[in-house]
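If you're wondering where the values come from, they're calculated on a predicted model, not measured in any experiment. Excluded from the calculations below are hydrogen atoms, water molecules and symmetry mates; all remaining heavy atoms, backbone and side chain alike, are included.
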Amino acid sequence: KGYTELGFTAANDLSAVGFSGNYALGANYTAGTKAPSYYDYTGTKVGQMSTTGCTGIGYGFRKFATDENGVIIGSSLGISSGEQWIYKWDDVTANPSTYLSFSMASLGVTYSPRAAGINISGSLSGNATITMAMAQKTDVIVWKVTNGTAGAPQKLTSPVTFGYYASIEP
């Protein structure tokens, strides 16, 4: 199916894609709660993920990733000097829980963090690496997950400046 047939209308609606269980996920900034929508493999929209209990998502969940078991994490676009959150869903029908939080201070930056993209390699219930590129910056934030527990963020520097949408595969 085409872009508009899948329900995307704005040029930047589809800023992230992923797979969880028997579903393909697509970020959809202009749809309903601004949470990712999920589709069966024929391209039929089945639903939209829950935002119950989420705060600070005025710009919607434009960035999300799935681990090797289909667990989903997502963050808003950001652009806040205050605390921001990364939420976790066990599957497409689950309610989200707060997974990580970060701020200018915890990341060691002097600008309002704006996520360009988020990625996971591994299993969030075991061992994984989460990376988040910062839009219009050279910073890459890395969280190591060991035995299901995420450690403190580490800031790395890329040799290139990222655009507004970028992925760094761990």
**Request:** Show the numbers, then the answer: is there a side-chain contact (heavy atoms from CB on, under 4.5 Å) between V145 and Y99?
**Result:** CA-CA 11 Å; V145 179; Y99 184 64; 3.6 Å; yes
Which atoms form the tightest heavy-atom contact between [X] and [Y], and what is the distance?
| X | Y | answer |
| --- | --- | --- |
| K155 | V109 | CD-CG1, 3.8 Å |
| A150 | L100 | CB-CD2, 3.5 Å |
| S106 | P153 | O-CG, 3.7 Å |
| T138 | V160 | CG2-O, 3.5 Å |
| M132 | A115 | SD-CB, 3.8 Å |
| Y39 | K45 | CD2-CA, 3.4 Å |

**Prompt:** Does the side chain of S20 come within less than 4.5 Å of Y38's, by heavy atoms?
**Reply:**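 Heavy-atom side-chain distance check fails, nothing below 4.5 Å.
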Mind checking the [atom1]-[atom2] spacing from [X] to [Y]? Nearest 0.5 Å is all I need.
| X | Y | atom1 | atom2 | answer |
| --- | --- | --- | --- | --- |
| N22 | D40 | CG | CG | 9.5 Å |
| W85 | T98 | CH2 | OG1 | 8.0 Å |
| S121 | E68 | OG | CD | 7.5 Å |
| L124 | K88 | CG | NZ | 6.5 Å |
| I141 | T131 | CD1 | OG1 | 10.5 Å |
| W89 | T66 | CH2 | OG1 | 12.0 Å |

Would [X] and [Y] show up in the same hydrophobic cluster when neighbours are defined by side-chain heavy atoms closer than 4.5 Å?
| X | Y | result |
| --- | --- | --- |
| M134 | I168 | no |
| I118 | L156 | no |
| I130 | F162 | no |
| V142 | F64 | no |
| V140 | W143 | no |

**Request:** Determine whether the side chains of T149 and N147 contain a donor N or O and an acceptor N or O closer than 3.5 Å.
**Result:**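 Short answer, no.
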**Request:** Return yes if a side-chain donor-acceptor contact under 3.5 Å exists between S50 and N95, otherwise no.
**Result:**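 A donor-acceptor contact under 3.5 Å links the two side chains.
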Check whether [X] reaches the backbone of [Y] with its side chain - one donor and one acceptor, N or O, closer than 3.5 Å.
| X | Y | value |
| --- | --- | --- |
| S167 | E169 | no |
| N69 | V71 | no |
| K63 | A116 | yes |
| S103 | E83 | no |

**Message:** Could you walk me through whether Y87 and T51 satisfy the side-chain contact (heavy atoms from CB on, under 4.5 Å) test, starting with their C-alpha distance in whole Å, then the side-chain angles of each, then the deciding distance to 0.1 Å, before giving a yes or no?
**Reply:** CA-CA 9 Å; Y87 293 94; T51 58; over 6 Å; no
**Request:** Measure up the F19 and Y41 rings against each other and bin them: parallel (under 30°), tilted (30 to 60°), perpendicular (over 60°).
**Result:**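 It falls in the tilted class, 30° to 60°.
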